[in-house]
Amino acid sequence: MKKIKFYLSVVSALLVLASCDDDIIDLTERDRLPTDIAVASIGGLETSMIDVYVQARSLHENNEISLYKQCGTDIVTSGTNMVDVNSGGMLGMMEYGNAFDASSGSLQDIFNGLYLSLDRCNVVITYGGNFEAETEAEEVAKNRIIGEAYTLRAFIYLELAERWDNAVISQLAETVDDIIFTAELSPKEVLFQKVVDDATAAIPLLKTRIQNGDVGKPSKDMAYLLLAKAQMWLGNWGEAADAADDVIAQGAELQPLDGIFGLAGGKTGEENNQEIIFSWIFNPANQNRPQRTVQMYVPLYDRVPGVARTLEQGGRPWSRLSPSPYYWTLFEDEDGRLDAWHKTAWVVDDPDNIDTSLEGGDTLQEGDLLTVDSPYFQAWASTANEARYLEPSTTKYWEDGTYGRLASEAQGFSNIIVYRLAEAYIIGAEAHWRNNNEGKALTLINTIRERAFGDTSHNFTSLDQEIILAEQARELGHEGHRWAMLKRLGLLVERVKMHNPSASANIQDRHVRWPIPQNFVDQLGVEQNEGY
């Protein structure tokens with residue numbers, strides 16, 4: 001099978017640290033790879049590695065794609081203002097409209113970001129191994145950096161396999177004579193095995209999440225989690241179960257519900273809590289690189305007379321995404337996650353603007369709570385859209401003023417949580433159950449249940465696929481894992497038709513994989529995915 005070999009100088013101009021403007025690598029040679037400049041020192045390796053983070057993190061800086069992984073499942077639907085989004089962006093990803101096709105600029109942005117990150121990982125892995133450390137400290141640093149590159153390359157290959165079903169496995173050319181401008185796509189089974197191989201290679205080179213003390217650095221925990229996810233796709237239940245157990249064994253700990261998505265203490269406080277395995281880090285000191293996720297799930301609450309826009313209420317409303325009606329049916333009233341991770345009512349905090357002519361308006365007072373069922377709100381709402389302006393939502397992405405955010409701003413600097421320990425419990429439960437070890441599966445999933453309810457009274461006594469699916473939605477809902485799980489189980493189309501009102505009429509069998517950007521198809525001669 002042919003494999004495309006990207007020549008380093010083609011992309012060398014992009015090897016610039018957006019967060020460190022003084023550290024620009026000047027790659028000017030064109031007749032051979034400039035490894036003596038790019039990776040001839042620990043600093044050079046570190047610079048190349050940081051650029052991986054910059055490229056991969058940048059997806060969340062784009063208003064059109066910042067939460068693409070949350071779109072188009074059974075537990076989410078379009079918010080009332082999703083119509084303001086480019087039809088080839090999150091709107092298309094959510095509703096499976098025809099504008100989300102091979103020509104979509106948003107699709108291209110995601111694809112390019114992943115491949116640019118992949119290329120940087122290849123630089124570090126290929127040439128980092130050739131770097132001869134002069135001291136023990138340099139050897140330790142070199143191994144750590146290479147381990148990070150292996151882990152993030154596994155992360156990228158996993159995303160390519162899950163979203164597109166196939167990808168070009170790229171390698172660096174050693175000279176201009178090695179450049180190949182044609183390529184063939186590797187199927188998802190090959191890509192999942194690449195994830196297994198890279199994660200396995202990374203594990204001995206990395207520290208644990210707790211040893212790192214930093215959610216922004218890949219760890220053994222993250223590598224084991226990627227290994228577990230790939231093995232699930234490959235149907236290797238025993239290996240997946242072992243890998244999930246290994247994640248849990250590394251020492252990270254489940255945290256109280258209220259602090260997992262909190263900001264108390266800042267970047268070294270709750271944003272670095274011991275349940276989080278990996279996050280993309282956003283630095284408020286770099287005002288030019290904010291993330292664009294904090295407002296996406298906030299409904300248009302401040303249009304209701306008597307409810308003011310404040311950070312306490314959710315900040316600037318954007319209403320691009322909203323939990324689906326089905327999502328709310330999954331929670332029991334006693335489930336602590338319902339209150340800890342969601343907002344279901346809004347406070348009357350602008351009493352001077354209460355419309356006293358409406359039903360209940362004459363008795364409404366400051367501090368009262370309003371919901372979609374409140375008579376005052378129902379009397380005010382005159383359209384189907386307005387009737388959703390106080391709909392409940394997830395607060396997992398909301399941000400207060402910890403990093404200087406104002407209520408008028410549609411951006412923030414809180415970290416984006418990619419993986420947390422609870423996912424290992426969910427994956428482990430499914431893997432052990434499929435591997436005929438229901439006892440261990442129940443132990444894992446009930447650990448999550450006991451945290452949610454505060455006791456054992458709601459523990460499961462048996463498992464099936466639907467129970468696991470529902471618990472995955474309750475625990476990991478709106479964190480970007482649902483689409484891939486539904487696809488892996490062959491349920492994406494069925495469940496979207498059943499539970500996603502904004503997408504049910506449009507989704508087709510072809511939507512279980514994304515189109516390959518057309519310019520990539522045209523330039524490399526690869527075959528477009530079926531249906532596009």
Side-chain angles (χ1 to χ4, degrees), residues 70 73-76 209 215 221 225 228-229 241 244-245 247-249 251-264 270-271 273-279 297 322-345 371 391-398 417-433 438-482 485-486 495 499:
Q70 283 71 6
T73 75
D74 56 347
I75 62 171
V76 68
R209 158 68 181 90
V215 294
D221 313 47
L225 185 56
K229 290 163 85 74
D245 290 347
V247 177
I248 297 168
E253 297 181 354
L254 296 174
Q255 300 296 299
L257 297 175
D258 290 343
I260 297 171
F261 302 96
L263 302 179
E270 286 183 338
E271 283 215 281
N273 76 75
Q274 291 190 10
E275 180 164 336
I276 301 174
I277 290 177
F278 183 72
S279 294
Y297 276 94
S322 181
S324 68
Y326 162 70
Y327 175 73
W328 300 109
T329 68
L330 298 174
F331 289 91
E332 300 168 78
D333 291 341
E334 302 87 351
D335 193 329
R337 294 170 293 198
L338 190 58
D339 288 335
W341 301 344
H342 305 91
K343 187 172 179 64
T344 57
T371 70
E391 64 185 357
S393 190
T394 177
T395 58
K396 288 181 175 180
Y397 295 96
W398 291 18
I417 298 175
V418 180
Y419 296 128
R420 58 187 179 93
L421 181 61
E423 187 178 10
Y425 282 83
I426 301 295
I427 291 175
E430 182 188 352
H432 280 293
W433 173 70
E438 187 175 60
K440 182 61 181 290
L442 285 167
T443 297
L444 291 173
I445 204 166
N446 283 333
T447 299
I448 296 298
R449 299 282 291 177
E450 288 166 21
R451 177 176 68 171
F453 290 93
D455 55 39
T456 62
S457 62
H458 291 78
N459 282 10
F460 296 126
T461 57
S462 63
L463 290 178
D464 58 31
Q465 180 171 282
E466 188 58 35
I467 289 174
I468 294 169
L469 265 172
E471 192 63 24
Q472 194 258 11
R474 286 185 286 263
E475 180 65 30
L476 301 173
H478 312 294
E479 295 180 46
H481 309 297
R482 187 68 170 181
M485 185 176 189
L486 291 177
R495 298 297 291 250
H499 299 304

- Carboxylate-amine/guanidinium contact R420 E253, below 4.0 Å: no
- Query: Between R209 and D221, is there a side-chain N and carboxylate O pair less than 4.0 Å apart?
  - Reply: no
Are the side chains of [X] and [Y] in touch, meaning some heavy atoms are under 4.5 Å apart?
X	Y	value
S324	V76	no
E430	Y425	no
R495	I75	no
Q465	I468	no

- Message: Which residues pass the side-chain contact (heavy atoms from CB on, under 4.5 Å) test with A470, not counting sequence neighbours?
- Response: L330, R474
- Item | By side-chain contact (heavy atoms from CB on, under 4.5 Å) - contacts of A249 (at least two apart) | none
Identify all side-chain donor-acceptor contacts of residues 443-456 below 3.5 Å with residues at least two apart in sequence or on another chain.
unit_1	atom_1	unit_2	atom_2	d
T443	OG1	G439	O	3.1
N446	OD1	F460	N	2.8
N446	ND2	L442	O	3.1
N446	ND2	F460	O	3.0
T447	OG1	T443	O	2.7
R449	NE	H458	O	3.1
R449	NH1	E471	OE1	2.9
R449	NH2	E332	OE2	3.3
R449	NH2	H458	O	3.0
E450	OE2	N459	ND2	2.8
R451	NH1	Q255	O	2.8
R451	NH1	E275	OE1	2.4
R451	NH1	E275	OE2	3.3
R451	NH2	E275	OE2	3.3
R451	NH2	E475	OE2	2.8
D455	OD1	S457	N	3.0
D455	OD1	S457	OG	2.5

- Task: Give a yes or no on whether the backbone of I417 and the side-chain of K396 come within a donor-acceptor separation of less than 3.5 Å.
- Result: no
- Query: Where does the angle between the aromatic ring planes of Y327 and F331 fall among parallel (under 30°), tilted (30 to 60°) and perpendicular (over 60°)?
  - Reply: perpendicular
- Task: For this output row, return yes or no: ring centroids of Y297 and H342 closer than 6.0 angstrom.
- Result: no
- Side-chain donor-acceptor pair present, S462, E438, cut-off under 3.5 Å: no
- Task: Mind running side-chain contact (heavy atoms from CB on, under 4.5 Å) on T344 and T371 for me, showing each step along the way?
- Result: CA-CA 7 Å; T344 57; T371 70; 5.9 Å; no
- Mind running ring pair (Phe, Tyr, Trp, His ring centres under 6.0 Å) on W341 and H478 for me, showing each step along the way? CA-CA 11 Å; W341 301 344; H478 312 294; over 10 Å; no
- Query: Taking it one step at a time, do Q70 and Y397 satisfy side chain to side chain donor-acceptor pair (under 3.5 Å)?
  - Reply: CA-CA 12 Å; Q70 283 71 6; Y397 295 96; 2.5 Å; yes
- Pair L254-I260, side-chain contact (heavy atoms from CB on, under 4.5 Å): steps then yes or no: CA-CA 9 Å; L254 296 174; I260 297 171; over 6 Å; no
